[in-house]
Amino acid sequence: MDPQLKVIQWQDFEQELARLSSLSSALQQAQSKKLALQRHLQTLIQVQSESLSRRNQLDEISERLEDRKLVMGNMLMQAKVVEEHAKTKEDHLATEIKSLLVSGTSLSVARKRLQESGRLLGGEQGLAQLNGLRKMLRVRQQHMVSQVAYLYPVKTMVGATQELELDSFPGTPGGTLDENKSKNQGILTISGAQLNMLPFTQLTFFTDKKQVQRSTTALGYVAHVISLIATYLHVPLRYPLRMGGSHSYIKDYAPSIDPTSSGPSSSALASANTKCLEFPLFLDGQDATRAAYAIFLLNKDIEQLLNYVGIKSLGPRHVLANLKELFKTILSPNFIESE
(Lines give C-alpha, C1' and ligand atoms only; values in the text may rest on other atoms or scores of the structure.)
Protein backbone atom coordinates (compact mmCIF):
# COMPACT_ATOMS: atom_id res chain seq x y z
CA MET A 1 0.00 0.00 0.00
CA ASP A 2 1.32 3.41 -1.07
CA PRO A 3 2.28 5.40 1.98
CA GLN A 4 1.19 8.67 0.30
CA LEU A 5 -2.41 7.50 -0.08
CA LYS A 6 -4.72 8.66 2.66
CA VAL A 7 -7.54 6.49 3.75
CA ILE A 8 -10.64 8.43 4.51
CA GLN A 9 -13.36 7.01 6.56
CA TRP A 10 -16.85 7.15 5.16
CA GLN A 11 -18.12 9.30 7.92
CA ASP A 12 -15.33 11.80 7.08
CA PHE A 13 -15.88 11.67 3.34
CA GLU A 14 -18.32 14.54 3.12
CA GLN A 15 -16.18 16.68 5.31
CA GLU A 16 -13.12 15.90 3.20
CA LEU A 17 -15.10 16.46 0.02
CA ALA A 18 -16.27 19.84 1.29
CA ARG A 19 -12.69 20.65 2.27
CA LEU A 20 -11.42 19.63 -1.17
CA SER A 21 -14.11 21.66 -2.86
CA SER A 22 -13.15 24.65 -0.76
CA LEU A 23 -9.50 24.12 -1.56
CA SER A 24 -10.32 23.78 -5.26
CA SER A 25 -12.31 26.97 -5.17
CA ALA A 26 -9.49 28.75 -3.30
CA LEU A 27 -6.98 27.40 -5.85
CA GLN A 28 -9.06 28.70 -8.71
CA GLN A 29 -9.24 32.15 -7.09
CA ALA A 30 -5.50 32.12 -6.46
CA GLN A 31 -4.87 31.21 -10.08
CA SER A 32 -7.21 33.98 -11.22
CA LYS A 33 -5.39 36.47 -9.01
CA LYS A 34 -2.08 35.14 -10.30
CA LEU A 35 -3.17 35.64 -13.89
CA ALA A 36 -4.45 39.11 -13.07
CA LEU A 37 -1.25 39.93 -11.23
CA GLN A 38 0.78 38.54 -14.09
CA ARG A 39 -1.08 40.71 -16.60
CA HIS A 40 -0.61 43.68 -14.33
CA LEU A 41 3.11 42.96 -13.97
CA GLN A 42 3.49 42.63 -17.73
CA THR A 43 1.74 45.94 -18.13
CA LEU A 44 4.06 47.51 -15.55
CA ILE A 45 7.09 45.94 -17.22
CA GLN A 46 6.01 47.26 -20.60
CA VAL A 47 5.41 50.71 -19.16
CA GLN A 48 8.77 50.56 -17.40
CA SER A 49 10.55 49.53 -20.61
CA GLU A 50 8.83 52.29 -22.56
CA SER A 51 9.79 54.72 -19.79
CA LEU A 52 13.43 53.57 -19.97
CA SER A 53 13.40 53.83 -23.74
CA ARG A 54 12.02 57.35 -23.59
CA ARG A 55 14.52 58.25 -20.88
CA ASN A 56 17.33 57.03 -23.12
CA GLN A 57 15.91 59.05 -25.96
CA LEU A 58 15.67 62.05 -23.69
CA ASP A 59 19.29 61.54 -22.63
CA GLU A 60 20.37 61.35 -26.25
CA ILE A 61 18.36 64.44 -27.09
CA SER A 62 19.88 66.17 -24.07
CA GLU A 63 23.40 65.26 -25.23
CA ARG A 64 22.61 66.47 -28.73
CA LEU A 65 21.24 69.66 -27.24
CA GLU A 66 24.42 70.17 -25.24
CA ASP A 67 26.45 69.56 -28.37
CA ARG A 68 24.29 72.03 -30.23
CA LYS A 69 24.77 74.53 -27.42
CA LEU A 70 28.55 74.12 -27.67
CA VAL A 71 28.43 74.49 -31.45
CA MET A 72 26.20 77.52 -31.13
CA GLY A 73 28.58 78.97 -28.55
CA ASN A 74 31.54 78.47 -30.86
CA MET A 75 29.62 79.87 -33.78
CA LEU A 76 28.64 82.85 -31.65
CA MET A 77 32.27 83.48 -30.72
CA GLN A 78 33.33 83.16 -34.35
CA ALA A 79 30.51 85.47 -35.35
CA LYS A 80 31.74 88.04 -32.84
CA VAL A 81 35.31 87.73 -34.14
CA VAL A 82 34.10 88.02 -37.73
CA GLU A 83 31.94 90.97 -36.78
CA GLU A 84 34.88 92.73 -35.14
CA HIS A 85 37.10 91.94 -38.12
CA ALA A 86 34.41 93.16 -40.49
CA LYS A 87 34.08 96.33 -38.48
CA THR A 88 37.83 96.87 -38.62
CA LYS A 89 37.78 96.22 -42.35
CA GLU A 90 34.88 98.59 -42.72
CA ASP A 91 36.74 101.33 -40.87
CA HIS A 92 39.86 100.69 -42.97
CA LEU A 93 37.77 100.62 -46.13
CA ALA A 94 36.12 103.89 -45.14
CA THR A 95 39.56 105.45 -44.67
CA GLU A 96 40.71 104.10 -48.02
CA ILE A 97 37.55 105.39 -49.66
CA LYS A 98 38.20 108.83 -48.23
CA SER A 99 41.81 108.64 -49.43
CA LEU A 100 40.61 107.42 -52.81
CA LEU A 101 38.18 110.32 -53.03
CA VAL A 102 40.95 112.76 -52.20
CA SER A 103 43.25 111.05 -54.71
CA GLY A 104 40.47 111.09 -57.29
CA THR A 105 39.99 114.80 -56.74
CA SER A 106 43.74 115.38 -57.03
CA LEU A 107 43.84 113.18 -60.13
CA SER A 108 40.97 115.10 -61.66
CA VAL A 109 42.75 118.39 -60.99
CA ALA A 110 46.00 116.99 -62.37
CA ARG A 111 44.19 115.67 -65.42
CA LYS A 112 42.67 119.06 -66.06
CA ARG A 113 46.09 120.64 -65.71
CA LEU A 114 47.57 118.03 -68.01
CA GLN A 115 44.87 118.61 -70.58
CA GLU A 116 45.44 122.33 -70.32
CA SER A 117 49.17 121.83 -70.68
CA GLY A 118 48.55 119.51 -73.61
CA ARG A 119 46.38 122.12 -75.30
CA LEU A 120 49.03 124.75 -74.67
CA LEU A 121 51.83 122.54 -75.99
CA GLY A 122 49.71 121.26 -78.85
CA GLY A 123 49.19 124.70 -80.26
CA GLU A 124 51.67 126.90 -82.02
CA GLN A 125 51.95 129.10 -78.96
CA GLY A 126 53.01 126.19 -76.77
CA LEU A 127 55.59 125.00 -79.28
CA ALA A 128 56.90 128.52 -79.66
CA GLN A 129 57.13 128.82 -75.88
CA LEU A 130 59.01 125.53 -75.68
CA ASN A 131 61.39 126.63 -78.41
CA GLY A 132 61.84 129.92 -76.62
CA LEU A 133 62.70 128.17 -73.36
CA ARG A 134 65.12 125.89 -75.19
CA LYS A 135 66.72 128.88 -76.85
CA MET A 136 66.99 130.67 -73.51
CA LEU A 137 68.66 127.57 -72.07
CA ARG A 138 71.11 127.46 -74.97
CA VAL A 139 71.87 131.17 -74.57
CA ARG A 140 72.45 130.68 -70.86
CA GLN A 141 74.71 127.69 -71.48
CA GLN A 142 76.60 129.62 -74.13
CA HIS A 143 77.03 132.56 -71.78
CA MET A 144 78.38 130.35 -68.97
CA VAL A 145 80.76 128.59 -71.36
CA SER A 146 81.92 132.00 -72.63
CA GLN A 147 82.80 132.93 -69.07
CA VAL A 148 84.80 129.71 -68.78
CA ALA A 149 86.52 130.50 -72.09
CA TYR A 150 87.32 133.97 -70.74
CA LEU A 151 88.82 132.51 -67.55
CA TYR A 152 90.71 129.76 -69.40
CA PRO A 153 91.48 131.11 -72.91
CA VAL A 154 92.96 128.65 -75.38
CA LYS A 155 95.30 130.63 -77.63
CA THR A 156 97.94 129.91 -80.25
CA MET A 157 101.48 131.08 -79.67
CA VAL A 158 103.11 131.76 -83.03
CA GLY A 159 106.88 131.89 -83.44
CA ALA A 160 107.83 129.77 -80.44
CA THR A 161 109.63 126.45 -80.50
CA GLN A 162 107.40 123.85 -82.05
CA GLU A 163 106.50 121.02 -79.64
CA LEU A 164 103.72 118.50 -80.04
CA GLU A 165 101.04 118.24 -77.35
CA LEU A 166 100.96 114.46 -77.19
CA ASP A 167 104.13 113.80 -79.13
CA SER A 168 104.90 110.31 -77.82
CA PHE A 169 101.57 109.12 -76.46
CA PRO A 170 101.96 105.36 -75.80
CA GLY A 171 99.75 103.05 -77.81
CA THR A 172 98.37 105.69 -80.24
CA PRO A 173 99.28 105.83 -83.93
CA GLY A 174 100.56 109.03 -85.46
CA GLY A 175 103.24 110.67 -87.55
CA THR A 176 106.72 111.70 -86.58
CA LEU A 177 107.64 114.91 -84.84
CA ASP A 178 108.69 116.59 -88.07
CA GLU A 179 105.45 115.61 -89.81
CA ASN A 180 103.33 117.06 -87.00
CA LYS A 181 105.40 120.23 -86.87
CA SER A 182 104.79 120.76 -90.51
CA LYS A 183 101.05 120.65 -89.89
CA ASN A 184 101.02 123.14 -87.00
CA GLN A 185 101.81 126.80 -87.33
CA GLY A 186 101.85 127.54 -83.56
CA ILE A 187 101.60 126.13 -80.08
CA LEU A 188 98.26 126.05 -78.21
CA THR A 189 98.21 127.22 -74.60
CA ILE A 190 95.49 127.47 -71.96
CA SER A 191 95.72 130.54 -69.74
CA GLY A 192 99.30 130.87 -70.92
CA ALA A 193 100.26 127.34 -69.82
CA GLN A 194 101.62 125.02 -72.50
CA LEU A 195 100.77 121.32 -72.53
CA ASN A 196 103.82 119.25 -73.51
CA MET A 197 103.64 115.46 -73.26
CA LEU A 198 107.43 114.86 -73.54
CA PRO A 199 107.97 114.99 -69.73
CA PHE A 200 105.17 112.43 -69.31
CA THR A 201 106.65 109.91 -71.74
CA GLN A 202 110.38 110.58 -71.57
CA LEU A 203 110.91 111.38 -67.90
CA THR A 204 114.61 111.42 -66.98
CA PHE A 205 116.85 112.98 -64.36
CA PHE A 206 117.53 115.89 -66.70
CA THR A 207 113.88 116.68 -67.42
CA ASP A 208 113.01 120.34 -66.98
CA LYS A 209 110.98 120.57 -63.73
CA LYS A 210 109.41 123.88 -64.76
CA GLN A 211 108.22 122.33 -67.98
CA VAL A 212 106.62 119.50 -65.99
CA GLN A 213 104.91 122.02 -63.70
CA ARG A 214 103.60 124.01 -66.66
CA SER A 215 102.15 120.86 -68.27
CA THR A 216 100.60 119.78 -64.97
CA THR A 217 99.04 123.22 -64.51
CA ALA A 218 97.66 123.10 -68.04
CA LEU A 219 96.11 119.69 -67.34
CA GLY A 220 94.52 121.06 -64.17
CA TYR A 221 93.03 123.93 -66.21
CA VAL A 222 91.69 121.54 -68.87
CA ALA A 223 90.17 119.25 -66.26
CA HIS A 224 88.41 122.18 -64.58
CA VAL A 225 87.11 123.45 -67.93
CA ILE A 226 85.77 120.02 -68.91
CA SER A 227 84.11 119.60 -65.51
CA LEU A 228 82.38 122.99 -65.78
CA ILE A 229 81.21 122.55 -69.37
CA ALA A 230 79.84 119.06 -68.65
CA THR A 231 77.92 120.48 -65.69
CA TYR A 232 76.51 123.36 -67.76
CA LEU A 233 75.44 121.06 -70.61
CA HIS A 234 74.10 118.38 -68.22
CA VAL A 235 76.34 115.73 -69.76
CA PRO A 236 77.50 112.96 -67.37
CA LEU A 237 81.13 112.32 -68.20
CA ARG A 238 82.15 108.79 -69.07
CA TYR A 239 85.32 109.30 -67.07
CA PRO A 240 84.49 111.53 -64.08
CA LEU A 241 87.02 113.95 -62.67
CA ARG A 242 88.12 114.50 -59.10
CA MET A 243 89.28 118.08 -58.99
CA GLY A 244 92.39 119.00 -57.11
CA GLY A 245 93.85 121.89 -59.08
CA SER A 246 97.20 120.85 -60.53
CA HIS A 247 96.86 117.51 -58.72
CA SER A 248 93.55 116.34 -60.19
CA TYR A 249 92.54 112.74 -60.93
CA ILE A 250 90.35 111.07 -63.53
CA LYS A 251 88.31 107.94 -62.81
CA ASP A 252 88.08 104.86 -64.99
CA TYR A 253 85.32 102.36 -64.12
CA ALA A 254 86.41 99.80 -66.73
CA PRO A 255 90.16 100.11 -67.28
CA SER A 256 91.84 98.02 -69.95
CA ILE A 257 94.77 96.04 -68.53
CA ASP A 258 97.69 95.02 -70.70
CA PRO A 259 98.41 91.36 -69.81
CA THR A 260 102.02 91.69 -71.02
CA SER A 261 102.78 94.58 -68.68
CA SER A 262 104.73 93.94 -65.52
CA GLY A 263 105.65 95.82 -62.40
CA PRO A 264 103.95 96.93 -59.20
CA SER A 265 101.65 99.38 -60.99
CA SER A 266 100.38 96.77 -63.47
CA SER A 267 99.80 94.21 -60.71
CA ALA A 268 97.80 96.77 -58.77
CA LEU A 269 95.66 97.44 -61.83
CA ALA A 270 95.13 93.75 -62.45
CA SER A 271 93.95 93.19 -58.90
CA ALA A 272 91.41 96.01 -59.16
CA ASN A 273 90.26 95.67 -62.77
CA THR A 274 86.65 95.43 -61.70
CA LYS A 275 86.75 98.51 -59.49
CA CYS A 276 86.91 102.22 -60.08
CA LEU A 277 90.53 103.31 -60.59
CA GLU A 278 91.87 106.85 -60.40
CA PHE A 279 94.67 108.02 -62.65
CA PRO A 280 96.73 111.14 -61.90
CA LEU A 281 96.82 114.15 -64.21
CA PHE A 282 100.28 115.04 -62.93
CA LEU A 283 103.74 113.54 -62.59
CA ASP A 284 104.64 114.41 -59.01
CA GLY A 285 105.66 111.03 -57.59
CA GLN A 286 103.49 109.16 -60.13
CA ASP A 287 104.12 106.63 -62.88
CA ALA A 288 104.48 108.30 -66.30
CA THR A 289 102.39 105.58 -67.96
CA ARG A 290 99.48 106.16 -65.56
CA ALA A 291 99.68 109.91 -66.13
CA ALA A 292 99.71 109.43 -69.92
CA TYR A 293 96.67 107.15 -69.65
CA ALA A 294 94.93 109.79 -67.53
CA ILE A 295 95.47 112.38 -70.29
CA PHE A 296 94.12 109.88 -72.80
CA LEU A 297 90.95 109.53 -70.72
CA LEU A 298 90.72 113.31 -70.35
CA ASN A 299 90.76 113.67 -74.12
CA LYS A 300 88.02 111.02 -74.30
CA ASP A 301 85.85 113.28 -72.12
CA ILE A 302 86.50 116.14 -74.52
CA GLU A 303 85.54 113.88 -77.43
CA GLN A 304 82.31 113.01 -75.59
CA LEU A 305 81.42 116.69 -75.31
CA LEU A 306 82.35 117.25 -78.95
CA ASN A 307 80.04 114.43 -79.98
CA TYR A 308 77.29 115.94 -77.85
CA VAL A 309 77.48 119.23 -79.79
CA GLY A 310 77.79 117.37 -83.10
CA ILE A 311 81.51 117.80 -83.84
CA LYS A 312 84.12 115.15 -84.54
CA SER A 313 87.33 114.95 -82.56
CA LEU A 314 90.67 115.94 -84.08
CA GLY A 315 92.26 112.82 -82.61
CA PRO A 316 93.68 111.52 -79.33
CA ARG A 317 96.85 113.65 -79.65
CA HIS A 318 95.21 117.07 -79.65
CA VAL A 319 93.85 117.87 -76.19
CA LEU A 320 93.99 121.64 -76.41
CA ALA A 321 93.01 121.61 -80.09
CA ASN A 322 89.91 119.59 -79.26
CA LEU A 323 89.14 121.92 -76.36
CA LYS A 324 89.51 124.96 -78.62
CA GLU A 325 87.17 123.36 -81.15
CA LEU A 326 84.67 122.71 -78.35
CA PHE A 327 84.78 126.37 -77.28
CA LYS A 328 84.41 127.47 -80.90
CA THR A 329 81.38 125.24 -81.50
CA ILE A 330 79.52 126.18 -78.31
CA LEU A 331 80.19 129.90 -78.74
CA SER A 332 79.01 129.91 -82.37
CA PRO A 333 75.49 131.16 -83.24
CA ASN A 334 74.57 127.72 -84.59
CA PHE A 335 74.73 126.27 -81.07
CA ILE A 336 71.69 128.30 -80.00
CA GLU A 337 69.62 127.06 -82.92
CA SER A 338 70.68 123.41 -82.51
CA GLU A 339 68.43 120.87 -80.81
Side-chain angles (χ1 to χ4, degrees), residues 82-152 222-243 248-254 274-278 297-313 322-339:
V82 172
E83 184 180 359
E84 293 178 357
H85 184 67
K87 186 176 182 181
T88 305
K89 286 287 187 180
E90 185 179 359
D91 295 339
H92 182 66
L93 183 61
T95 305
E96 289 186 350
I97 290 175
K98 291 180 181 179
S99 177
L100 183 61
L101 291 175
V102 174
S103 300
T105 304
S106 302
L107 181 61
S108 178
V109 174
R111 181 180 297 176
K112 290 181 180 179
R113 292 179 180 176
L114 182 62
Q115 291 176 353
E116 185 66 22
S117 300
R119 285 195 295 269
L120 292 176
L121 291 176
E124 296 181 357
Q125 183 179 0
L127 183 60
Q129 185 178 3
L130 181 61
N131 291 331
L133 291 175
R134 184 183 292 113
K135 187 174 182 181
M136 289 175 60
L137 177 61
R138 290 290 188 178
V139 170
R140 182 60 178 170
Q141 290 174 340
Q142 189 181 67
H143 174 71
M144 291 188 292
V145 173
S146 68
Q147 297 298 315
V148 176
Y150 177 77
L151 293 175
Y152 298 100
V222 174
H224 193 203
V225 169
I226 295 304
S227 178
L228 291 175
I229 294 178
T231 303
Y232 297 157
L233 298 182
H234 304 288
V235 177
L237 293 176
R238 187 177 293 108
Y239 304 103
L241 294 161
R242 182 166 68 86
M243 301 306 303
S248 300
Y249 290 85
I250 189 166
K251 300 178 180 180
D252 186 7
Y253 287 93
T274 58
K275 300 179 181 179
C276 173
L277 297 181
E278 290 187 346
L297 297 181
L298 182 65
N299 194 62
K300 286 294 183 181
D301 283 341
I302 301 176
E303 291 180 358
Q304 181 183 355
L305 294 176
L306 285 172
N307 293 332
Y308 177 77
V309 297
I311 301 297
K312 292 184 178 181
S313 170
N322 284 332
L323 183 60
K324 184 177 181 180
E325 190 67 22
L326 181 63
F327 276 140
K328 179 181 177 181
T329 303
I330 296 177
L331 298 179
S332 64
N334 294 331
F335 176 76
I336 299 178
E337 302 298 331
S338 63
E339 291 295 334

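Note: hydrogens, waters and symmetry copies are ignored here, and every other heavy atom, side chains too, is used. Model, not experiment: these values are computed from the prediction.
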>> I want to check something: taking the side chain as every heavy atom from C-beta on, are Val222 and Tyr152 in contact at a cut-off of under 4.5 Å?
In response: no

> Atom OG1 of Thr231 and atom CD of Gln141: how far apart are they, to the nearest 0.5 Å?
Replying inline: 11.0 Å

> If you round to the nearest 0.5 Å, how far is CZ of Arg138 from CG of Asn334?
Replying inline: 11.5 Å

>> Using the side-chain contact (heavy atoms from CB on, under 4.5 Å) criterion, which residues pair with Gln147? Sequence neighbours excluded.
In response: His143

>> For Phe335, is there any backbone N or O sitting under 3.5 Å from a side-chain donor or acceptor partner on Gln142?
In response: no

>> If the condition is side-chain contact (heavy atoms from CB on, under 4.5 Å), which residues does Ile311 pass it with, not counting sequence neighbours?
In response: Leu306, Val309, Glu325, Thr329

>> Using 0.5 Å steps for rounding, measure from the CZ atom of Arg238 to the CG atom of Leu297.
In response: 10.5 Å

> Just how far is it from atom NZ of Lys300 to atom CD1 of Ile250, taken to the nearest 0.5 Å?
Replying inline: 11.5 Å

> CE of Met136: more than 12 outside heavy atoms within 6.0 angstrom?
Replying inline: no

>> Checking Ser313 now: which residues fulfil side chain to side chain donor-acceptor pair (under 3.5 Å) with it, not counting sequence neighbours?
In response: Glu303, Asn322

> Given side chains that start at C-beta, do those of Ile226 and Leu323 come closer than 4.5 Å, heavy atoms only?
Replying inline: yes

> Under the side-chain hydrogen bond (donor to acceptor under 3.5 Å, both in side chains) rule, what pairs show up with a residue in residues 102-113, not counting sequence neighbours?
Replying inline: none

> With no hydrogens and no angle check, is any side-chain donor or acceptor of Asp301 less than 3.5 Å from a backbone partner on Tyr239?
Replying inline: yes

>> Using the side chain to side chain donor-acceptor pair (under 3.5 Å) criterion, which residues pair with Arg140? Sequence neighbours excluded.
In response: none

>> Let me confirm one number: the CD-CG distance from Gln304 to Leu326, rounded to the nearest 0.5 Å.
In response: 11.0 Å

> Do the side chains of Leu151 and Leu228 get nearer than 4.5 Å, heavy atoms only?
Replying inline: no

>> I'd like to check His92 versus Glu96 (side-chain heavy atoms, cut-off strictly below 4.5 Å). Are they in contact?
In response: yes

> ring-ring contact (aromatic ring centres under 6.0 Å, His included) with Tyr232: which residues, sequence neighbours excluded?
Replying inline: none

>> One pair to check against side-chain contact (heavy atoms from CB on, under 4.5 Å): Lys87 and Glu83. What are the steps and the verdict?
In response: CA-CA 6 Å; Lys87 186 176 182 181; Glu83 184 180 359; 5.7 Å; no

> In Å, rounded to the nearest 0.5 Å, how long is the span from CD of Glu278 to OG of Ser248?
Replying inline: 10.5 Å

